[in-house]
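Data first, discussion second: the structure below is written as structure tokens.
By convention in this document, chain letters (A, B, ...) are assigned in the order of the sequence lines, proteins followed by strands, and residues within each chain are numbered from 1. Note that the coordinates shown come from a computational prediction; the quantities given were computed from them, not determined experimentally.
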Protein chains: 2
Amino acid sequence: MQLEEGKEKFLQAWGTLGSSWGINRTMAQVHALLLISSEAMSTEDVMQELNISRGNANMNLRALIDWGLVGKELRPGERKEFFVAEKDMWKVARQVIRERRKRELEPMLRILEELKQVEGAQDDKEAEAFTKAIQNLYDLSSKADKTLNTMLRADEHWFLSSFMKLMR
Amino acid sequence: MQLEEGKEKFLQAWGTLGSSWGINRTMAQVHALLLISSEAMSTEDVMQELNISRGNANMNLRALIDWGLVGKELRPGERKEFFVAEKDMWKVARQVIRERRKRELEPMLRILEELKQVEGAQDDKEAEAFTKAIQNLYDLSSKADKTLNTMLRADEHWFLSSFMKLMR
DNA sequence: CAAAACTTTCAATAAGTATTGAAAGTATAG
DNA sequence: CTATACTTTCAATACTTATTGAAAGTTTTG
């Protein structure tokens, strides 16, 4: 397979995968583009490669920076900004986990804590089922939260070796 | 907080969380509804509780069955079908992992294997960056795949205790 | 077999999201 | 200060995805 065809396929696949994880297609494609690029790219470069508008390119680059997956690179003498993606996929995965934990898991835990307080009559089956489900979910979420937290705090080596142990 | 308010909040929260994981809001809400319900529910029950159409209810219940998160319950003498959700959240999590691995991780690995074959001139920086990124991603994905596979094959006890170890 | 009780399908449409592009904003250079 | 070289914003619009509801399909019952 030739390089151009390969790039095209990768952009496509990464975009599709992104969609099924709640990440918009274009954002995932911009990410893919930067991941496989040997050089930092300008907004114009991204616009050209993906055939998207300036506004779209700008907004998705911004979002990627927000997620901590892409960084700005300033070149002396050049006015425009260039963008580079973190290339180490372990770091990428860790960063995505870190962000999703903060954005989704933690808020969910706060809500579940509230919901554990629901009052119900003593023998109300409905109330009992609700409380039980919430408690079960809370227990799982908080275990997951603690585990992720430990993983993320530990240094890369620790993370890797634990992961290796887990897989035998 | 009263039961009704709690239910409402939970349906809302679970729906929102679903959306950010690429699961449609209604499907997540139907799941939430069954999770907290003490009894199996009919299509009509679901329609009423969530104010959705018959077609919508049917299609999302079907999708949940497809994901292995909900089962049918047939009652002797009754013609209509009733639906129950798996209530054990560990099992739910394992099932979601199992399905996503099959639906997303495995196809992605097949694509990455193809893309590792991309040909490029010896000193082509572009080609080199591409190959390196793909290889890196492949390595991570296949480690993840093996780990998940091991986790899922092992029995529940093993899974739980490994998980516990991981979190200290 | 016909009627009743359900479930499924699907074309039309509504609702939700992403994209565009031009205008406004900002920073640097001269 | 003004012109230039960018970046950001946002209302309009295009595109995608979800939902409806009535019709068609299926299964059970009498």
| said: Tell me the interatomic distance from B:Asn56, atom CG, to C:dT8, atom P, rounded to whole angstroms. | reply: 14 Å
| task | Let me know the distance between CG of A:Asn60 and P of C:dT19, rounded to the nearest Å. | result | 6 Å
| field | Contacts of B:Asp124 that satisfy side chain to side chain donor-acceptor pair (under 3.5 Å) - sequence neighbours left out | value | none
| remark: Those residues at least two apart in sequence (or on a different chain) that pass side chain to side chain donor-acceptor pair (under 3.5 Å) with A:Glu8 are none
| task | Scan residues 47-55 of chain B against DNA chain C and write down, sorted by residue number, each residue with any heavy atom closer than 4.0 Å; if none is found, say none. | result | B:Arg54, B:Gly55
| remark: Here the residues of residues 69-84 of chain B within 4.0 Å heavy-atom distance, strictly under, of DNA chain C are B:Arg79, B:Lys80, B:Glu81
| Of the residues in residues 19-32 of chain B, which ones touch DNA chain D at a heavy-atom distance under 4.0 Å? | B:Asn24, B:Thr26
| said: Starting from B:Phe130, can I reach B:Leu140 by hopping between I/L/V/M/F/W/Y residues whose side chains sit under 4.5 Å apart? | reply: yes
| Carboxylate-amine/guanidinium contact B:Arg54 B:Glu44, below 4.0 Å | yes
| query | Is any side-chain N of the basic residue among B:Arg75 and B:Glu73 closer than 4.0 Å to the acidic one's carboxylate O? | reply | yes
| request: Decide yes or no for B:Val70 and B:Glu86: does some side-chain heavy atom of the first lie under 4.5 Å from some side-chain heavy atom of the second? | output: no
| task | Both distances under 3.5 Å, Watson-Crick or G-U wobble: on that basis, could you give the dot-bracket string for DNA chain C, with [ ] for crossing pairs and | for other-strand partners? | result | ||||||||||||||||||||||||||||||
